Structures are given as structure tokens and as C-alpha cells.
Amino acid sequence: MEQISVNRVFDGELKRFKHSSSTLNCEMTFSIFIPHSVHDEERFPSVYWLSGLTCTDENFVQKAGAFRAASELGQMLVVPDTSPRGEQVADDPQGAYDLGLGAGFYVNATQPPWKDHYQMYDYIVRELPALVEANFPADHRRAISGHSMGGHGALVIALRNPDKYCSASAFSPICHPMESPWGQKAFGAYLGNQEADWEQYDVSVLMSTATEFVPSLVSIGTADEFYEEQLKPETLVSAAAMSGYPLEFNRVGGYDHSYFFISTFIEQHLKFHQQYFDE
């Protein structure tokens, strides 16, 4: 790893690194917030944050306002990029924002030209946590959270790996990507045309048949401009009811899809994770 920057914030340190990813076959960046340690051996639980379309790790660290709460709770925040990067990495030939660079969708691509680099699921589940836990004061406790495309990714990853996460949360997640224009475009490109391959990354499908549970919190604003066409939150509520999934679902009046919404309720989400870290 090579450190790009370090900033003091709320008695902790926000560090940004780049490293060569063997999973994605390119150089990746991530940011990490490390709370102040009262002794050299102190270790912390980690909240992994997955950002949405067009974002990098910097959107969350600059806009979410999460550091005061993370510092007070003693949580590390791990914030990866949203896709592989570099001149050799495939991108949408039309330069669309919802496919290619900045739009990895946290899946393992199986179709050319994407499959050579777009293995974001494995990167988030395996490579990045191994890197973090080997080089930073992280203990075994993990939670995962995210926004929009990243909210979808966080919930899917928790559902598929209930042994790895204490809790999960999401702001304005894409709840049924198989029926969402964003999801259909990305899944068709990355995964091909077989519906069975899409189902393993659709949070509503996974939640409706789940038998192992990760306590989850979802927040969505009623003024979200993507509520009906892209996010389809009612499908997630129905899926949780089918399986008895422990989903706390909050519709919040007047809030939109932006980081203004996230910054208003990020402390609530971090405290949600803390109660399961403390169990």
C-alpha cells in the first residue's frame, strides 16, 4: 500500500491509500477512518461503506459527516471505490454514468469485456477486509452499509455472508434491480441474460427466501426522485415479510436521494451497528 493522504479529524485519523488489487487486476484506492486509541493494543469494529453510482471513496468522507459519531462510538470506517479504475479497465463506450467506471454494482462480472476487472463482490467480501485486518487496528467485528447502488451492494453482501457481518444498513438502496432500469442495464452487461444469474445479486429475491439473518436498517426519503422507477422499496418490505427478516424500514418525509439525507441520519445508522457490535 501507498499512503496518499492523512488528516486529523475528531481526534482520529482519516487516511487514504492506493494498492494493487489482485482481485480487480488494477490499482485501487480506499479511505479509512481510525479512531483515537487509548492504548497501543486497542482494536476497533469496522463499518464498510459502499457508495453509489458515479461516486468514489471521497464522496462519503467529504459529505456524510460521519466522523464525530464514529469517533465517539469507536468505529473504524472503511470506504472503498465503486469500481476498478485505469486505462486498461473497460468502460461504457458511450460514457454513460450507470455502467463501467464508477458503476461496478458490487457484482462479480462473468461477461467480456467486464470480467477481467469487475470483480467488486470478491474485492469487498474478501480482499479488502483481509488487507484492512492485516494492516490496521481492526478486530473481527464488521458491519456494512451504503447508498443507492452501494445500499443494494451492502444488503446483498450481508445476505450472502451472514457469518461475516454483525449488521447491515442502507440509504435509498436499489431494492429490486432485476426490475430497475439501472439494475437491468448493469446485470445484462456484467452477468449476461440468464435470470438465475441475476437473482443471486437481487436483494429482494435473496431476502424473500433467507433462512439466516443479519439485522438490517433501511432509510429512504419520500421525496427521493428515484423512489418508484429505480429503487422500488415496497418489494423489499414484502420480501422481509415473506421470510420474517429482521428489517427495520424507515420512510422519512421530505428527504431526497442526496448526501444531505445521508448526513442527517448517518449517526442513527452508526448507532444501529453499534448495538450489534456490543452484543
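Fair warning: this is a prediction, and the values are worked out from it, not measured in the lab. Residues take their numbers from the sequence shown, with the count starting at 1.
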OH/Y97: more than 12 non-hydrogen atoms of other groups inside 6.0 Å: yes
More than 12 heavy atoms of other groups within 6.0 Å of Q88 CD: yes
Verdict with reasoning, L77 to F60, per side chain to side chain contact (heavy atoms under 4.5 Å, CB included): CA-CA 10 Å; L77 302 177; F60 178 81; 4.1 Å; yes
S71 side chain vs F67 backbone, donor-acceptor pair below 3.5 Å: no
Transitive ILVMFWY side-chain link I174 to Y48, under 4.5 Å: yes
Side chain to side chain contact (heavy atoms under 4.5 Å, CB included) partner of S216, the single match among Y165, Y245, F249: Y245
Any donor-acceptor N or O pair under 3.5 Å, side chains S148, H257: yes
Residue M242 excluded, over 12 heavy atoms near CE under 6.0 Å: no
Side-chain (D256) to main-chain (A223) donor-acceptor, under 3.5 angstrom: no
Approximate separation, where rounding is to 0.5 Å, of K18 NZ and I4 CD1: 6.0 Å
same_hphob_cluster(V47, V156) at 4.5 Å side-chain heavy-atom cutoff: no
Residues E27 and S20: side-chain donor-acceptor under 3.5 angstrom: no
Side-chain donor/acceptor of Y201 to backbone N/O of F187, under 3.5 Å: no
Side-chain ion pair, E267 and K271, N-O less than 4.0 Å: yes
Steps toward side chain to side chain contact (heavy atoms under 4.5 Å, CB included) verdict (W114, L191): CA-CA 9 Å; W114 314 102; L191 304 175; over 6 Å; no
Same cluster (ILVMFWY, side-chain, under 4.5 Å), F136 and L73: no
Residue pair S204 / C175, side-chain heavy-atom distance below 4.5 Å: yes
Side chain to side chain, T82 and L50, heavy atoms closer than 4.5 Å: no
Aromatic contact, Y259 with H147 (centres under 6.0 Å): yes
Residue pair F261, F171: steps toward the ring pair (Phe, Tyr, Trp, His ring centres under 6.0 Å) verdict: CA-CA 8 Å; F261 176 45; F171 288 89; 5.6 Å; yes
Neighbour count above 12 (heavy atom, 6.0 Å) for E212 CD: no
Over 12 foreign heavy atoms within 6.0 Å of CD, E195: no
Working for salt bridge (charged side-chain N to carboxylate O under 4.0 Å, His left out), residues R251 and E234: CA-CA 11 Å; R251 295 177 187 83; E234 311 309 330; 2.6 Å; yes
Distance, nearest 0.5 Å, that separates OH of Y276 from OG of S167: 7.5 Å
E58/R16 salt bridge by N-O under 4.0 Å criterion: yes
Between H117 and N25, a side-chain donor and acceptor under 3.5 Å: no
Centroid-centroid distance, F105 to W182, less than 6.0 Å: no
Expected output: side-chain R68 to main-chain V9 donor-acceptor under 3.5 Å: no
is_close_aromatic(Y121, Y106), centroid dist under 6.0 Å: no
Partner set under ring-ring contact (aromatic ring centres under 6.0 Å, His included) for F30, not counting sequence neighbours: F17, H19
Side chains of R141 and S46 in contact at under 4.5 Å (non-hydrogen atoms): no
Residue pair H273 / S169, side-chain heavy-atom distance below 4.5 Å: yes
Verdict with reasoning, K115 to N108, per side chain to side chain contact (heavy atoms under 4.5 Å, CB included): CA-CA 7 Å; K115 64 181 182 179; N108 284 342; over 6 Å; no
Point-to-point distance, once rounded to the nearest 0.5 Å, from NE2 of H269 to CD1 of I262: 9.0 Å
Pairwise distance CG(L99) to CG(D92) - rounded to 0.5 angstrom: 5.0 Å
Side-chain heavy atoms of Q3 within contact of K15, under 4.5 Å: yes
Side-chain touch W198/P177, heavy atoms, less than 4.5 angstrom: no
Exercise: do S180 and Q230 side chains pair donor with acceptor under 3.5 Å: yes
Donor-acceptor pair, side chain of S83 and main chain of G102, under 3.5 angstrom: yes
Heavy-atom side-chain proximity of L14 to V6 below 4.5 angstrom: no
same_hphob_cluster(L270, I220) at 4.5 Å side-chain heavy-atom cutoff: no
Any side-chain heavy-atom pair of T235 and E179 under 4.5 Å: no
Audit row: D197, T110, side chain to side chain contact (heavy atoms under 4.5 Å, CB included) steps and yes/no: CA-CA 10 Å; D197 296 329; T110 59; 5.6 Å; no
Pair F10-H36, ring pair (Phe, Tyr, Trp, His ring centres under 6.0 Å): steps then yes or no: CA-CA 8 Å; F10 290 105; H36 173 70; over 10 Å; no
Y123 backbone acceptor or donor facing T23 side chain under 3.5 Å: no
S243 side chain to M207 backbone, donor-acceptor under 3.5 Å: yes
D224 side chain vs G221 backbone, donor-acceptor pair below 3.5 Å: no
Over 12 non-hydrogen atoms of neighbours within 6.0 angstrom of CG in N193: no
Rounded distance (nearest 0.5 Å) linking atom OG1 of T54 with atom CG of N59: 6.5 Å
Flag, side chain of D202 to backbone of M178, donor-acceptor distance under 3.5 Å: yes
Side-chain donor/acceptor of R8 to backbone N/O of D11, under 3.5 Å: yes
Distance, nearest 0.5 Å, that separates CG of D122 from CD1 of I157: 9.5 Å
